[in-house]
2 protein chains.
Amino acid sequence: MTEKQEKILQAALELFAKEGFHATSTNKVAKFAGVSEGLIFRHFCNKEGLLQAILNSGERRLKSLFAEIIMETDPKEVIRKTITMTDHIDESEYDFWKLQFKLKWELEISGDKKMQPLKMALANAFSSLNYESPELEAELLLLFTEGLGAAVLKGSSINTEEMIQFLLKKYKL
Amino acid sequence: MTEKQEKILQAALELFAKEGFHATSTNKVAKFAGVSEGLIFRHFCNKEGLLQAILNSGERRLKSLFAEIIMETDPKEVIRKTITMTDHIDESEYDFWKLQFKLKWELEISGDKKMQPLKMALANAFSSLNYESPELEAELLLLFTEGLGAAVLKGSSINTEEMIQFLLKKYKL
DNA sequence: GTTTAAAATGTGAGTACTTACTTATTTAGT
DNA sequence: ACTAAATAAGTAAGTACTCACATTTTAAAC
């Protein structure tokens with residue numbers, strides 16, 4: 001991975017996240033990265049390839065964030081970590097997460113599959129704590145987590161900290 | 001409002017909702033509507049104007065959906081109607097709602113302001129029922145509602161009916 | 001009720017510009 | 001010297017948008 005290759009990835013991530021995939025031209029990416037436009041196609045084949053490269057390099061972030069929760073053995077901790085997840089995403093990774101959310105709507109990249117392990121871990125946790133409907137509880141909590149994440153990334157007026165504390169209280173954690 | 005004008009609005013709504021605003025060209029809209037491309041600009045000035053026309057004509061739907069909840073006096077009914085809202089949106093209006101959600105990400109049209117009256121109605125309802133933190137309860141419920149709506153429109157595997165019943169039970173309704 | 005002129009609606013062929021992508025050529029690392 | 005990295009200058013197709021012209025609708029005058 002050369003220096004310019006990384007510059008392209010960085011620039012594309014920022015622009016795709018802030019303006020959207022279709023609204024960002026390869027010309028714009030090249031200029032923002034301080035690179036000739038042709039280089040994008042030399043390294044990433046086409047615009048779609050550039051996007052895939054970004055997504056692949058970001059996969060680690062996604063997995064490491066989820067892994068910490070899934071590895072947890074204490075059921076209460078699984079739930080607590082899920083609720084506080086939004087607060088643990090680093091500001092330097094905002095662009096990546098924003099892109100992830102944006103692509104769910106702009107292209108039809110669901111990201112539903114990637115949530116599955118987390119959903120199962122949550123369902124197990126709720127089951128261990130003798131909740132009546134563990135699967136539904138898991139789904140509901142994920143709905144909340146996604147909603148809160150979306151709100152934060154969209155710069156909503158919502159008070160994240162307060163909301164997280166409120167939820168922890170609701171789940172008696 | 002002429003016949004062709006409505007055809008343009010219909011076509012644009014469907015295409016914007018399904019492919020996205022930036023990904024849909026005016027040429028595509030014109031062909032899909034069976035109309036000359038120039039007519040779009042005669043009637044709606046530019047592409048942005050076309051979008052605004054769609055949004056304005058859809059405003060009624062948004063208001064009528066929220067109004068029914070806000071007018072409600074029984075606090076328990078306010079909460080119940082909010083929870084079941086997702087199930088009440090007609091399939092013929094899917095495109096409109098999908099566009100609404102998509103635009104939140106593609107452009108930065110928040111739609112946060114339009115939620116404010118509903119949020120206040122919910123906060124009042126929770127307050128009447130002596131909940132400890134009515135504002136947070138309201139915000140949380142809206143987070144769920146939006147998340148559930150998004151899931152349905154994205155064609156998620158989630159069981160909407162079941163989830164709604166589950167939530168009603170949680171809120172003792 | 002017909003005529004007629006003006007206004008509104010609609011078209012098709014353009015425009016200048018941008019798009020994703022290519023290719024011939026040059027630069028730099030080993 | 002050979003290979004990979006990088007560039008500059010293309011290209012064809014697509015973009016939003018315009019404009020001169022044709023058609024229909026409206027409405028007032030006779």
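Here the structure is a predicted model, which is why all the values come from computation and not from measurement.
- Residue-to-nucleotide proximity on DNA chain C shows that, of B:E3 and A:G38, the 5′-proximal contact is made by B:E3.
- A close approach under 4.0 Å does occur between a side-chain nitrogen or oxygen of A:K47 and OP1 or OP2 of C:dA20.
- Between D:dA6, C:dC21, C:dT19, one nucleotide has an atom nearer to the side chain of A:N46 than all others, and that is C:dC21.
- With C:dG10, D:dT7, D:dA6 as the candidates, the nucleotide lying closest to the side chain of A:V35 is D:dT7.
- Under 4.0 Å is where a charged nitrogen must lie from a carboxylate oxygen, and between B:E72 and B:R80 no such pair does.
- The number of heavy-atom neighbours closer than 6.0 Å to CD of B:E93, taken from other residues, nucleotides and ligands shown, is above 12.
- Counting any heavy atom pair closer than 4.0 Å across all strands shown, A:E37 reaches a base atom.
- Toward the 5' end of DNA chain C, the nearer of the two residues A:S25 and B:G34, judged by each one's closest nucleotide, is B:G34.
- Between A:F101 and B:W105, the ring planes are parallel. Angles under 30° get that label, and only those over 60° would be called perpendicular.
- With distances taken from any side-chain atom of A:K4 to the nucleotides D:dC17, D:dA6, C:dT9, the minimum falls on D:dA6.
- Rounded to an integer number of Å, the gap from A:E6 CD to D:dA6 P is 11 Å.
- Computed from coordinates, the B:K31 NZ to C:dG10 P distance equals 20 Å when rounded to whole Å.
- A salt bridge links B:E132 with A:K169; the closest basic N to acidic carboxylate O contact falls under 4.0 Å.
- The separation between B:K7 atom NZ and C:dG10 atom P is 12 Å, rounded to whole Å.
- The separation between A:F44 atom CZ and C:dC21 atom P is 14 Å, rounded to whole Å.
- Base contact: A:T26 has a heavy atom under 4.0 Å from a base atom.
- Rounded to a whole Å, the CZ atom of B:R42 is 10 Å from the C1' atom of D:dT18.
- Exactly one residue among B:L62, B:L50, B:L99 makes a side chain to side chain contact (heavy atoms under 4.5 Å, CB included) with B:L55. That residue is B:L99.
- Between B:H22 and D:dT15, a side-chain N or O to OP1/OP2 separation shorter than 4.0 Å is absent.
- Comparing C:dT11, D:dA5, D:dA16 against the side chain of B:F41 picks out D:dA16 as the nearest.
- Distance B:I40 CD1 to D:dT18 P: 13 Å, rounded to the nearest Å.
- Separating the CG atom of A:L39 from the P atom of C:dT22 is a distance of 14 Å, rounded to the nearest angstrom.
- Of the candidates D:dT7, C:dT9, D:dA5, C:dT9 carries the atom nearest the B:T2 side chain, counting heavy atoms from C-beta on.
- Rounding to whole angstrom units, CD1 of residue A:I8 and P of D:dA6 are separated by 8 Å.
- Contact annotation: A:K28 side-chain N/O to C:dT18 OP1/OP2 distance is not under 4.0 Å.
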